[in-house]
Amino acid sequence: ILNVEQSPQSLHVQEGDSTNFTCSFPSSNFYALHWYRWETAKSPEALFVMTLNGDEKKKGRISATLNTKEGYSYLYIKGSQPEDSATYLCAFGGFYKLSFGAGTTVTVRA
Amino acid sequence: EAGVTQFPSHSVIEKGQTVTLRCDPISGHDNLYWYRRVMGKEIKFLLHFVKESKQDESGMPNNRFLAERTGGTYSTLKVQPAELEDSGVYFCASSRGQGASTEAFFGQGTRLTVV
């Protein structure tokens, strides 16, 4: 069983402010790390797939970094907007299945 | 391209009843996965099909759960008889290939409530 931890469990951020949160995972036998954005009653939407140590990926105001040696990834949201409110899930990619963390729920206050 | 679709979106059943969830993967995706999220916890793997064959069903909780993928197209997940602890959101996902960095596309989930 792979232990994937996300912190914090939830956070509130003021509109316009930036925020970040963490995903930690086993550093041994690393293959890939996936980030998803999930709004309740909708499909989890893939944000990033990260494979290389030191990788940094960006999609609009959202970016992510990866440190495979110490086993963590950060997701950053710059200039938060109400539409960024969602649960952000990270998942450790095994050969064919994903091991998810419990998610960080972000609420952006107008 | 149509995404992964799941039916129903919600289901409320009584303990002891049977429920069947359906998943239509993206056309051409040989790999189909079922996952489940119990309230407030992480999404957990249930099983994996490659075409019509079960590759790994190690995540299936017990023999009350039966998944099928006849013809290698859509899949069904039957829970019989349902118990209270089966409540949660059941996700289906599909992918064209396998591999740790392969993107899996998820459906919107079926929210199952057992009362």
Side-chain angles (χ1 to χ4, degrees), chain A residues 1-10 22-53 55 57 59 64 66 68 71 73 86-105, chain B residues 1-10 23-26 29-51 53-60 88-112:
Chain A
I1 298 175
L2 289 170
N3 198 24
V4 180
E5 306 267 355
Q6 290 189 248
S7 65
Q9 184 177 2
S10 64
T22 310
C23 171
S24 62
F25 52 85
S27 56
S28 58
N29 298 318
F30 177 83
Y31 298 108
L33 190 82
H34 299 244
W35 280 101
Y36 284 86
R37 178 181 180 279
W38 178 45
E39 291 182 67
T40 304
K42 294 187 178 180
S43 304
E45 171 199 356
L47 291 174
F48 308 113
V49 181
M50 309 181 80
T51 56
L52 299 174
N53 184 43
D55 225 0
K57 295 208 172 181
K59 186 175 184 178
L66 179 69
T68 61
S73 175
T87 296
Y88 292 82
L89 302 163
C90 72
F92 185 92
F95 181 64
Y96 57 83
K97 63 185 177 186
L98 299 171
S99 297
F100 282 87
T104 294
T105 299
Chain B
E1 178 181 76
V4 177
T5 56
Q6 293 185 244
F7 181 83
S9 56
H10 292 84
C23 169
D24 287 78
I26 293 172
H29 282 194
D30 287 340
N31 294 272
L32 186 148
Y33 315 83
W34 284 98
Y35 288 85
R36 176 174 75 170
R37 186 178 195 246
V38 172
M39 177 74 81
K41 298 197 173 179
E42 66 273 18
I43 297 173
K44 286 193 173 178
F45 169 82
L46 296 178
L47 88 160
H48 170 218
F49 284 100
V50 177
K51 297 185 180 178
S53 299
K54 290 178 189 174
Q55 290 292 107
D56 181 352
E57 52 184 331
S58 61
M60 295 286 263
V89 182
Y90 289 77
F91 289 102
C92 175
S94 72
S95 66
R96 189 173 297 278
Q98 295 183 23
S101 59
T102 298
E103 184 177 345
F105 295 84
F106 281 77
Q108 84 282 9
T110 293
R111 183 172 295 276
L112 176 65

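Letters A, B, ... are given to chains in the order of the sequence lines, protein chains preceding strands, and every chain is numbered from 1.
Between chain A and the options B/Asp56, B/Val89, B/Val50, B/Asn31, the largest number of non-hydrogen pairs under 4.5 Å is found for B/Asp56. Interface remark: of the candidates A/Tyr31, A/Trp38, A/Tyr96, A/Tyr96 forms the most heavy-atom pairs closer than 4.5 Å to chain B. Among A/Ala32, A/Pro44, A/Gly93, the residue making the largest number of heavy-atom pairs under 4.5 Å with chain B is A/Pro44. The candidate from B/Arg111, B/Gln55, B/Lys44, B/Arg37 with the greatest count of non-hydrogen atom pairs under 4.5 Å with chain A is B/Arg37.
Taking all atoms of both residues into account, the shortest heavy-atom contact from B/Pro25 to B/Ser94 is CB-CB, 3.6 Å.
Neither the backbone nor the side chain of A/Phe92 comes within contact range of chain B; no heavy atom of the residue lies under 4.5 Å from a heavy atom of that chain. Contacts of A/Leu33 with chain B are absent, with no heavy-atom separation under 4.5 Å from either backbone or side chain. Contact of B/Ala93 with chain A is not made at all, since no heavy-atom distance falls under 4.5 Å. If you measure heavy-atom distances from B/Ser58 to chain A, the contacts under 4.5 Å come from the side chain alone. Looking at B/Ser101, the atoms closer than 4.5 Å to chain A (heavy atoms on both sides) sit in the backbone and in the side chain alike.
Shown here are the side-chain hydrogen bond (donor to acceptor under 3.5 Å, both in side chains) partners of A/Glu39, two or more places apart in sequence or in another chain: A/Arg37.
Remark: aromatic rings of A/Phe100 and A/His34 are distant, center separation not under 6.0 Å. In summary, the aromatic rings of A/Tyr36 and B/Phe106 are positioned with their centroids under 6.0 Å apart.
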